[in-house]
Amino acid sequence: MIDLHCHILPGLDDGAQNLEEAVEMAGIAERDGIEKIVATPHFFRNNFVYEGLGIIEEKCRELSRALEAKNIKVEILGGAEVHISHNLIVEIRKNRSYLVLNRSSYMFVEFPSDHVFSGIKELFFELMSEGIMPIIAHPERNSVFVRNPSFLYELVRMGALTQANSGSFSGIYGREAEEAVFSFLELNLIHFIGSDGHNARSLAPRLSEAVERAGMVIGEDRARALVKDNPRAVLEDKEIPYLPKPVNSDEIQKKIKIKIPFLK
Ligand SMILES: [Fe+2]
């Protein structure tokens, strides 16, 4: 499996505290069946400011050397989780290679948990015009998308992609996010599952359990595509192979009741 979203680089954000914890996280990932991790430190959140973006590559190399020394076979690749901001396009033009995932055309976009920036459709359109494919990070943790899945549907219809957190499938972010992630999955609004791992304890980089749970809704093959085929295409900068037709919740709400396993 490939974990596209992980705060494994030490000392950059609220992820791994030090190199030892980063190595421990990689060990957990390896045992879970993860072969590649894209390191995605937060960018443009007010409290995380870096002097030079080249530090991401330096930290990736440092961690890769430490993993080699411990014989942990997990490849570390560079990326970022980019907080939405009005001057994003300017930043993209300046620092594109650091903001995208593994120097591809794909970029994680993070929203605050309680609102979605009002000019989002225009911004996504501008990003796409710059050749950037936005991936919305963990929409199930954003109350606007949770309350209004048809808004997420509209963004996906525009061409945006989404990544769900593995922990959402087992309820670690609460019931609301858990219900939302299964609903989004049924509505064909999820394209990747990533760990969003932050440490070696409660938010460790694991994907297998989430894939198993997702498989009970969309079938094993499709669930595996969310952690294998689709993320591989991102790393190779190709179109993702599993791109199901999104469903607008507003159109089906009156006709069927979405059934979510594990929730009674
Ligand atoms: Fe994250």
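One-based numbering, in listed order, for ligands and for the atoms of each.
In this pair, F145 and F111 present their aromatic rings perpendicular. The plane angle is above 60°, beyond the 30 to 60° band. Between H42 and H198, the two ring planes are tilted [angle within 30° to 60°].
Here the N, O or S atom of H7 that is nearest to the Fe ion (ligand 1) is NE2. The Fe ion (ligand 1) lies closest to atom OE1 when only the N/O/S atoms of E81 are considered. Looking at D196 and the Fe ion (ligand 1) together, the shortest N, O or S contact belongs to OD1. H5 contributes NE2 as its N, O or S atom closest to the Fe ion (ligand 1).
The Fe ion (ligand 1) has no N, O or S atom of H198 under 2.8 Å away, backbone or side chain.
Remark: E30 does not engage K73 in a salt bridge, criterion side-chain N to carboxylate O under 4.0 Å.
Defined by atom type and a distance below 3.5 Å, a donor-acceptor pair is missing between the side-chain atoms of S143 and D114.
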Pair S104-N102, side chain to side chain donor-acceptor pair (under 3.5 Å): steps then yes or no: CA-CA 5 Å; S104 70; N102 196 37; over 6 Å; no
